[in-house]
Number of protein chains: 2
Amino acid sequence: MAYTYSYPHPAVTVDIAIFTIRDDALQVLLIKRAQPPYRGEWALPGGFVGLEESLKHAAWRELKEETGVNAVYLEQLFTFGHPQRDPRERVISVAYFALIPSDKLQIKAASDAADVGWFSIDAIPELAFDHKKILTKALERVAAKFNYSTIAFQLMPETFTMPQLQHVYEVMTQVPIDKRNFRKRMLSLNVIEPTGEESRAGAHRPAKLYRVLDRNKVDHIK
Amino acid sequence: MAYTYSYPHPAVTVDIAIFTIRDDALQVLLIKRAQPPYRGEWALPGGFVGLEESLKHAAWRELKEETGVNAVYLEQLFTFGHPQRDPRERVISVAYFALIPSDKLQIKAASDAADVGWFSIDAIPELAFDHKKILTKALERVAAKFNYSTIAFQLMPETFTMPQLQHVYEVMTQVPIDKRNFRKRMLSLNVIEPTGEESRAGAHRPAKLYRVLDRNKVDHIK
DNA sequence: GCAAAAGTGTTATCCCTACACCCATGA
DNA sequence: TCATGGGTGTAGGGATAACACTTTTGC
C-alpha cells in the first residue's frame, strides 16, 4: 500500500504532555520508546494523526490509549516543526497538554511499568526528539494559566481540602502563598463548595473537604 | 515528479493574519484567490510549508511575499486541522499573526489592488476555507495580549503621539480609556521615551512625539 | 500533654479609577 | 477669537498583601 502525492508532504503527529499530581508532586507521563529512533529513551506519548480525524481527536485517542481516561482537560499547546526534529522524515508535531485529577488515574500507566511511567517534573530524564522543549513550554503555559484561570481545579480529585489545593498551586507556580489569603481568594472565585465532610489525615485537626461546582468549566478570571 | 509514502500524509500550510493600523482602523491583509477552490473569494495569505523550512520560516516567507516587510512581530496562533477544512485533500494549517507598524507598509499591497487589499476588521468579506475562524481567534489573541503585554507598540510607527497610541488601544480592545490614566500607565511601562519633537497636525495644540526604546522586545506585564 | 497541621480577621498598602480645566495651534 | 484636540494632578475605593494565634486531632 502506497500513497502518492505530486509534491512532498510532511508527516503530522500529536504529542501530549499529560500532567497530574502524585505524591504531592507535579508529574508527567512518559513512555519508553520501543522502536527507533531514540529506542529505549523516554518520550511524551504521541502518534500520527489519522487522515480522517481532527487534531483534537488524535490527541484524545492517544490520551485514552495511554491513560484510559477521557473526561479531562485538554488544550492545544503549540506546533513544533523544525525540519530536523525527527531523523526519519519531516515530522510536524502539534503538541497538546492534558491535566488529570489524581483520582482518575487508571492502572494502565502502572501496569507495565517498564515502558510507561509518571515522572516528577523536577526529575525528568533525557527525552527523545525535541520533547524537552515541548514539556518546558507546556509547564510555562500551565503555570501562567494558574494565575488567570480556574484551570487548577482540573488537577483536583472529586473532593479535596484547602491545603491540598494550595499545595497544587505552590508546586505549579513555585511561589509560597499565605494560607489565609489563599483561602479567601479561592472562595471568592465561586467555583467550589464545602461538602460538609472532613478529611482526617494524621495527628492534627481534620481539614474540611470541598468539591468543584462545575468540573467542565474553566473560567478566565480578572 | 511524485512523492510516495507508505502511509497517508496530510498537506501542511501556514496562514497569516497580518494586522496594521490604517486610516485610524485596525485592518487585515486579504488576498483574492486566483485558483480554485474558493476562486475569487478573499482569504488570508498563506501557502504550503516547504519540506526543508521551519514553520516560522514559511510564515516569514509568505509575509514577505505579500508585504515586502520583514522586521515585524510574528507569533504562532493555533493549528487548524479539521479533516474537511480544505475540499482538495487533508490540509492542516498552522496559523500565525503578524503586526506591522503603519509606516512600514510597502506599496506591494496597494500596487495590484485587484487581488490584495487591506480590510478594516469591522468590514470583513466572506472568507475562504475556515479563515473566518482563524481571523476571529487572531483578533481575540491580540486583544487579550494588549492587556498583559507591550505588544501594542508593534503596531506603532517610528515615532507616535500619546493620543495615537491610545487610539490603537481603543480600536483593539473596544473600550474607551481615560487619557490621563492611559498616559500614566504607558509611561510607567518604561518602554517609550519622548523624542523631544512635536507633531503639529491641525488647528490645535501639538502633541509630543514618543519612540519605543527597544522595538524588538515585547514585555509581559503585571 | 504535646506535636502537627488546619482554621480564622484585621490592618496597611498599593493600584486603579474617576474626574475638570487650561494650553497651543490654525483658521 | 474661537474651535479643536493635547496636556496635566489629585483623591477615593477596592483589591491585594502582610501578619499570629487558636483549634482539633493522634499518639
Side-chain angles (χ1 to χ4, degrees), chain A residues 21 23-25 144 146-150 152 156-157 159-171 173-211 219-222, chain B residues 21 23-25 143-144 146-150 152 156-157 159-211 219-222:
Chain A
I21 301 281
D23 308 330
D24 287 343
F146 262 57
N147 292 316
Y148 63 85
S149 79
T150 58
M156 304 311 292
T159 64
F160 54 89
T161 68
M162 204 54 89
Q164 276 169 15
L165 180 61
Q166 181 172 347
H167 184 71
V168 171
Y169 265 86
E170 289 175 330
V171 162
T173 61
Q174 307 275 12
V175 271
I177 315 174
D178 177 90
K179 61 178 172 174
R180 282 167 293 190
N181 294 336
F182 180 79
R183 183 178 293 265
K184 274 177 284 180
R185 198 169 112 215
M186 289 303 116
L187 292 176
S188 72
L189 295 175
N190 292 318
V191 297
I192 59 174
E193 62 177 7
T195 66
E197 304 290 304
E198 294 187 325
S199 157
R200 287 160 300 286
H204 54 84
R205 182 170 174 176
K208 293 180 186 165
L209 286 167
Y210 294 84
R211 131 181 70 232
D219 290 337
H220 196 92
I221 52 184
K222 255 195 310 183
Chain B
I21 301 281
D23 308 330
D24 287 344
F146 262 58
N147 291 316
Y148 64 85
S149 80
T150 58
M156 304 310 293
T159 64
F160 54 89
T161 68
M162 204 52 90
Q164 276 169 15
L165 179 61
Q166 181 171 346
H167 184 71
V168 170
Y169 265 86
E170 288 176 330
V171 162
M172 197 63 228
T173 61
Q174 308 275 11
V175 271
I177 315 173
D178 177 272
K179 61 179 171 173
R180 280 169 292 191
N181 294 337
F182 180 79
R183 183 179 292 266
K184 273 178 285 181
R185 198 168 112 215
M186 289 303 117
L187 292 176
S188 72
L189 296 174
N190 291 319
V191 296
I192 57 173
E193 63 177 6
T195 66
E197 304 290 303
E198 295 187 324
S199 157
R200 287 158 300 287
H204 54 83
R205 182 170 173 176
K208 294 179 185 165
L209 285 168
Y210 294 85
R211 128 181 73 230
D219 291 337
H220 196 92
I221 53 184
K222 255 196 310 183

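Throughout, a chain's letter reflects where its sequence line sits, starting with A, and its residues are numbered from 1.
- For the pair Met162(A)/Ile192(A), a side-chain contact is recorded, criterion being any heavy-atom separation below 4.5 Å from C-beta on.
- At a cut-off of 3.5 angstrom, the base of dA6(C) holds no donor-acceptor pair with the side chain of Lys208(A).
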Report task. Evaluate the side chain to side chain contact (heavy atoms under 4.5 Å, CB included) criterion for residues Phe160(B) and Val168(B): first the C-alpha distance (whole Å), next the side-chain angles of each, then the deciding distance (0.1 Å), finally the verdict. Result -> CA-CA 11 Å; Phe160(B) 54 89; Val168(B) 170; over 6 Å; no
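- Per the geometry, CZ belonging to Phe182(A) stands 18 Å off P belonging to dG9(C), to the nearest Å.
- Atom NZ in Lys179(B) sits roughly 18 Å away from atom P in dT17(C) (whole-Å rounding).
- Protein chain B contacts DNA chain D from dA3(D) to dT10(D), reading 5' to 3' and using non-hydrogen atoms of the protein with a distance under 4.0 Å.
- The distance between atom CZ of Arg183(B) and atom P of dC23(C), rounded to the nearest whole Å, is 16 Å.
- At a non-hydrogen distance threshold of 4.0 Å, Gly202(B), Ala203(B), His204(B), Arg205(B) from residues 198-205 of chain B come into contact with DNA chain C.
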Requested in this report: Would you check, one step at a time, whether the test side chain to side chain contact (heavy atoms under 4.5 Å, CB included) holds for Asp219(A) with Leu189(A)?
Outcome: CA-CA 9 Å; Asp219(A) 290 337; Leu189(A) 295 175; over 6 Å; no
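- Annotation: side chain of Thr150(A) is in contact with side chain of Ile221(A) (closest heavy-atom distance under 4.5 Å).
- In this structure, the CG atom of Asn181(A) is 14 Å from the C1' atom of dG7(C), given to the nearest Å.
- Closest approach of Thr161(B) to Ala207(B), counting heavy atoms only: CG2-CB, 3.5 Å.
- Listed by chain and number, the residues in a salt bridge (charged side-chain N to carboxylate O under 4.0 Å, His left out) with Arg211(B) are Glu193(B) (sequence neighbours excluded).
- Taking atom CD of residue Glu197(A) and atom P of nucleotide dA6(C), one finds them 18 Å apart after rounding to whole Å.
- A donor-acceptor pair under 3.5 Å is absent between the side-chain atoms of Ser149(B) and the main chain of Phe146(B), judged by distance alone.
- Near DNA chain D, defined here as any heavy-atom distance below 4.0 Å, the residues from residues 184-192 of chain A are Lys184(A), listed numerically.
- The shortest distance between side-chain heavy atoms of Val191(A) and Tyr210(A) does not fall below 4.5 Å.
- Under the side-chain hydrogen bond (donor to acceptor under 3.5 Å, both in side chains) criterion, the residue pairs touching residues 168-181 of chain B are Gln166(B)-Glu170(B), Asn181(B)-Lys184(B), with sequence neighbours excluded.
- Residue pairs satisfying the salt bridge (charged side-chain N to carboxylate O under 4.0 Å, His left out) criterion with at least one member in residues 194-207 of chain B, sequence neighbours excluded, are absent.
- The CG atom of Asp178(A) sits 14 Å away from the P atom of dG9(C) (whole-angstrom rounding).
- Nearest heavy-atom pair across Arg185(B) and Ile177(B) is NH1-CG2, 4.3 Å.
- In terms of position on DNA chain D, the residue among Pro206(B) and Arg180(B) whose nearest nucleotide sits closer to the 5' end is Pro206(B).
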